[in-house]
Enquirer: 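Starting off with a structure, shown below.
Computed from a predicted model, the values in this text were never measured in an experiment.
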Amino acid sequence: MTTPCSTDILISGGGIAGLTAAVAFATAGFDVICVDPTAPITERDVDGSDLRTTAFLQPAQELLERCGLWNRLEAYAAPLQTMRIVDAGGDLPEPRIVRDFNAADISDKPFGWNLPNWLLRREMVARLAEMPNVDFRPGIGTRSLFTRDTGAKVGLSDGTTVRAQLVVAADGRSSPMREAAGIDVHTMRYGQKALAFAVTHAIAHDNVSTEIHRSGGPFTLVPLPDHDGQPSSAVVWMERGPRVTELLALAPEDFEAEMTERSCGLFGPLKLASRRTSWPIISQSADHLAGQRIALIAEAAHVVPPIGAQGLNMSLSDLRCLLDLAEARPEGLGDAQMLDSYHKARIRDVKLRVQGIDLLNRASMVHARPLRDARAMGLNALYSLAPVRRTLMQMGLGVR
Ligand SMILES: Cc1cc2nc3c(=O)[nH]c(=O)nc-3n(C[C@H](O)[C@H](O)[C@H](O)COP(=O)(O)OP(=O)(O)OC[C@H]3O[C@@H](n4cnc5c(N)ncnc54)[C@H](O)[C@@H]3O)c2cc1C
């Protein structure tokens, strides 16, 4: 029998959230072990690479700076100065209402910065390799959890055991550690999927992120740096499942024609600049954000449809909260007082955002014309009141 090794924090999951957590806690001086059965893919054009991008909003960017990641990422980041909402819910796929939310109305910085997920993994893994107090173990997963008041014992898939003061579950929407801790979730399904890919286009994006609503879900273009000398954007196109299956089966030229029409031609003809990947869409939230010696973060705690760049940004708010609590009272790392405070500090914001984004997604999916007209009127009404508009922008950023 091998002797269990000990650490301050065991992170289950090395997705973007788990890797960021490993860097953040290690930068704060804690000893960290991070495990993930799947090794991160750190190149764009290989099978299985994550072609989604993440728009890091202002508070998330500050966290990346705090843990020494931002200086590695800054050169690849495309700033998001304006969020444009387009309603194209009329008879023809053309814009009938266009409303711009400009970051300059509330801040002297952009709303956020967009970065490809595969590149984030590459830079995070490189940062981890510089840190002597992190042990990153790709290819190994968590299997079992045993907790007491005094600590946790986690069984790993290689047969070893780790003792930790705190277990951070960042192991995704089906989180094995959440299940092992016996924490339930509430899930809502939409029968909807998201296509994620990169495009090039003739018309410059001018650092504007554009969300176009017609039916089936939003079609969103988020700025990327130029690709092969052409303006480029990351696209997230949400539709009902059967429509996504049809779209995936189309030849590239036919797909390009469909997406150019769906984008209302706002950027000229769109050309595919990557593979097409598809992601199931659900909303989900855990009943409790912590258990004995375990904290849930990111998709282990909450899943939202990709609208308004909220998913990973909520996850980094989880992480910031845990980190502040750990730094304020390091001797209480993982104890009931810390985890109770974590749950109380985060649960309201999590539930509010999950419900809010659920509502926005359902509004974007509507097919019947009267409902689409009502949606357009709602957008107009919210936009026309300047204080409401500013409050919405601040809430979107997570600073209210
Ligand atoms: C199309 C799309 C676009 C999006 N765009 C944005 C955006 O612009 N901005 C934003 O903020 N959010 C965005 N999101 C949300 C964001 O991508 C997710 O919140 C984020 O990727 C989830 O990260 P995660 O680390 O929680 O989960 P995952 O990426 O699912 O990572 C979980 C990890 O846990 C590992 N794991 C599983 N089992 C075990 C085990 N037993 N032991 C250890 N590890 C295990 C898995 O291998 C995986 O690597 C988007 C989501 C989608 C679907």
Enquirer: How would you list, by chain and number, every residue that makes a ring pair (Phe, Tyr, Trp, His ring centres under 6.0 Å) with Phe219, sequence neighbours excluded?
Expert: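 Testing Phe219 for ring pair (Phe, Tyr, Trp, His ring centres under 6.0 Å), a comparison that skips the adjacent residues, returns Trp237.
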Enquirer: Working note: Val86 + Leu266, criterion side-chain contact (heavy atoms from CB on, under 4.5 Å); need CA distance, chi angles, decisive distance, verdict.
Expert: CA-CA 10 Å; Val86 177; Leu266 289 174; 4.1 Å; yes
Enquirer: Take a 6.0 Å sphere around NZ of Lys344 and say whether it holds more than 12 heavy atoms from other residues, nucleotides or ligands.
Expert: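 Not more than 12 within 6.0 Å, no.
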Enquirer: Using a strict 4.0 Å threshold on nitrogen-to-oxygen distance, state whether Asp228 and Lys271 make a salt bridge.
Expert: no
Enquirer: May I ask whether Leu19 and Leu64 are part of the same hydrophobic cluster, defined by side-chain heavy atoms of I, L, V, M, F, W, Y residues being less than 4.5 angstrom apart, directly or through others?
Expert: yes
Enquirer: Between Asp318 and Arg320, is there a salt bridge with N-O shorter than 4.0 Å?
Expert: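 Salt bridge absent between Arg320 and Asp318.
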Enquirer: Quick one: does NZ or CZ of Arg276 land under 6.0 Å from the six-membered ring centre of Phe255, within 45 degrees of the ring axis?
Expert: yes
Enquirer: Indicate yes or no: at least one non-hydrogen side-chain atom of Phe111 is less than 4.5 angstrom from one of Gln58.
Expert: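 The answer is no; the side chains never approach within 4.5 Å.
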Enquirer: Could you tell me whether the side chain of Arg262 reaches within less than 4.5 Å of the side chain of Glu239, counting heavy atoms only?
Expert: yes
Enquirer: Counting C-beta onward and ignoring hydrogens, is there a side-chain heavy-atom pair between Leu119 and Arg44 closer than 4.5 Å?
Expert: no
Enquirer: Is the NZ or CZ atom of Arg52 positioned over Phe197's six-membered ring, under 6.0 angstrom from the centre and within 45° of the axis?
Expert: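 Relative to the ring axis of Phe197, which defines the angle, Arg52 lies outside at least one limit.
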Enquirer: Determine whether more than 12 heavy atoms belonging to other residues, nucleotides or ligands lie under 6.0 Å from atom CZ of Arg163.
Expert: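 It does not: Arg163 CZ has 12 such atoms or fewer within range.
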Enquirer: Does a sphere of radius 6.0 Å around CZ in Arg143 hold more than 12 heavy atoms from other residues, nucleotides or ligands, not counting ones at 6.0 Å or beyond?
Expert: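 Open.
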